[in-house]
Q: 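Here it is, the structure in full.
Note that the structure is a prediction, hence the values are computed from the model and not measured. Order of the sequence lines sets the chain letters (A, B, ...), proteins ahead of strands, with each chain counted from 1.
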Amino acid sequence: MDIVRPEFVPDPSLSTAEMEALQRDIAEAAVFADEFAFDPDAVSLDGPAGQQTLGERPASVADDTATEGADQPLVAGVDQAFVGDRAISAIVVLRGREVIERVYAVEPTEIPYVPGLLSFREGGAILAAFSALEHVPDIVFVDGSGRIHYREAGLATHIGVTLDVPAIGVAKNLLCGRPRESLDRKLPEGARVAIEADAEVETATDGPIIGYAVQSRQYDSSSQYINPLVVSPGHRVSAATAADLVVATAAGYKLPEPTRLADAYADSVKGDL
DNA sequence: GCGACAG
DNA sequence: ATCTTGTCGC
């Protein structure tokens, strides 16, 4: 797929001040509200009929393999692996449970990891992988933060705005913001805790909800517990819908399927590299 | 000065 | 993110 906003392509040679200025422009262009054509309720790992089973589905529909999944949104997962100074970015596109396409790209990492500037380290490899992608996903899951970011322009926002594609940030740790409830306790599976902007989020006017901690998986009979995912809007999606879509694509694992499969693919590419 | 800090 | 064996629990 193509780059829609070339002026936002991450340039690792920029100064820190220039990178931060670019992020403020990106946050300005970002849309943290649902702005997509597909039906979010149609995003599921089940068949195209959603909650319907074969038995309750009309035979004419059940037998029609030609249009099967035609209304199923394409969900892509992106993840990176690293080898020395090279980044491997892998993308997996799913329609329901079916893998529609997989691509990857390898690009040198020009700068070290700096909290808040992740997209300038990994963005090049990610955009290179997207340029090789044939399908245009309805929404993309990016590993890292979206709106939960000092300038509300995390990796998911940067990628989403540059490609003008709906994007969600799926992180394993909280970068900034204040959870409404403590996350340092065992939350039940399915629970979500709002994350609101705090003083660290310099571009937030009031205290908006910038994301959710989502407990996509949890042990049921143990004192041990799994940490929640940290989900935030990247572009053209609201915080609530972003959390809904992550839950809808989880299949018994902590990570949603698109992300989990992209992670595994990046690792396998790294293996035979 | 101290603490915090996605991947 | 990455370097890594065994180990606890379902």
Q: Is Asn173(A) near enough to dG7(B) that one of its side-chain N or O atoms lies under 4.0 angstrom from OP1 or OP2?
A: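 Checking Asn173(A) against dG7(B): at least one side-chain N or O falls below 4.0 Å of OP1 or OP2.
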
Q: For a quick check under 3.5 Å, do Ser182(A) and Asp184(A) share a side-chain donor-acceptor pair by atom type?
A: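 Side chains of Ser182(A) and Asp184(A): no pair found under 3.5 Å.
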
Q: Rounded to whole Å, please give me the gap between CD1 in Ile126(A) and P in dA1(C).
A: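 In whole Å, dA1(C) P lies 13 Å from Ile126(A) CD1.
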
Q: What's the CG-P distance between Asp263(A) and dG7(B), to the nearest Å?
A: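 Nearest whole value for this atom pair: 11 Å.
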
Q: Just to be sure I understand the rule, does Ala81(A) reach a base, reach only the sugar-phosphate, or reach nothing, if contact means heavy atoms closer than 4.0 Å?
A: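 It contacts sugar-phosphate atoms only.
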
Q: Scan Gly169(A) against the nucleic acid and name what it touches under 4.0 Å (heavy atoms): base, sugar-phosphate only, or nothing.
A: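 The answer is nothing, as Gly169(A) stays clear of every strand by at least 4.0 Å.
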
Q: Just by distance, no angles: are the side chains of Glu257(A) and Thr249(A) close enough, under 3.5 Å, to form a donor-acceptor pair?
A: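 Per modelled atom types, Glu257(A) and Thr249(A) side chains form no pair under 3.5 Å.
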
Q: Given atom NE2 of His158(A) and atom P of dA6(B), what is their separation to the nearest angstrom?
A: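 Rounding to the nearest Å, NE2 of His158(A) and P of dA6(B) are 19 Å apart.
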
Q: Check the geometry between Tyr113(A) and dG7(B) and answer yes if their rings are stacked (centres below 5.5 Å, planes below 30°), otherwise no.
A: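 Aromatic stack with dG7(B) present for Tyr113(A).
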
Q: Measure NE2/His149(A) against C1'/dA4(B) and give the value in whole Å, please.
A: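 My rounded result for the distance is 14 Å.
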
Q: Atom CG of Leu118(A) to atom P of dA6(B): distance rounded to whole Å?
A: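 So the CG-P distance, Leu118(A) to dA6(B), works out to 9 Å.
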
Q: Group every Ile, Leu, Val, Met, Phe, Trp and Tyr by side-chain heavy-atom contacts under 4.5 Å, then state whether Ile26(A) and Ile210(A) land in the same group.
A: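 No.
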
Q: Walk me through it: do Thr241(A) and Arg236(A) pass the test side-chain contact (heavy atoms from CB on, under 4.5 Å)?
A: CA-CA 10 Å; Thr241(A) 299; Arg236(A) 291 171 54 180; over 6 Å; no

Q: Check the phosphate of dA1(C) against Lys172(A), side-chain N and O only, distance under 4.0 Å to OP1 or OP2. Yes or no?
A: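 The answer is yes; a side-chain N or O of Lys172(A) sits under 4.0 Å from OP1 or OP2.
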
Q: Distance alone, cut at 3.5 Å: any donor-acceptor contact between the side chains of Glu189(A) and Gln215(A)?
A: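 Glu189(A) vs Gln215(A): no donor-acceptor pair found between side chains.
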
Q: Leu175(A) CG to dA6(B) P: how many Å, rounded?
A: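 Rounded to whole Å, this separation is 6 Å.
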
Q: 5'-most contact on DNA chain C: Val83(A) or Asp220(A), nearest heavy atom basis?
A: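 That would be Val83(A).
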
Q: How would you label the contact of Leu229(A) with the nucleic acid (heavy atoms, under 4.0 Å): base, sugar-phosphate, or nothing?
A: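 Nothing, no nucleic acid heavy atom in range.
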
Q: Categorize Tyr150(A) for me: base, sugar-phosphate, or nothing, with a 4.0 angstrom heavy-atom threshold over every strand shown.
A: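 The answer is base, as Tyr150(A) lies within the cut-off (heavy atoms under 4.0 Å) of a base atom.
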
Q: Roughly, in whole Å, what's the span from CD1 in Ile148(A) to P in dG7(B)?
A: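 My rounded result for the distance is 11 Å.
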
Q: Whole angstroms only, please: what is the CD-P distance between Gln80(A) and dG7(B)?
A: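 From Gln80(A) CD to dG7(B) P: 11 Å.
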
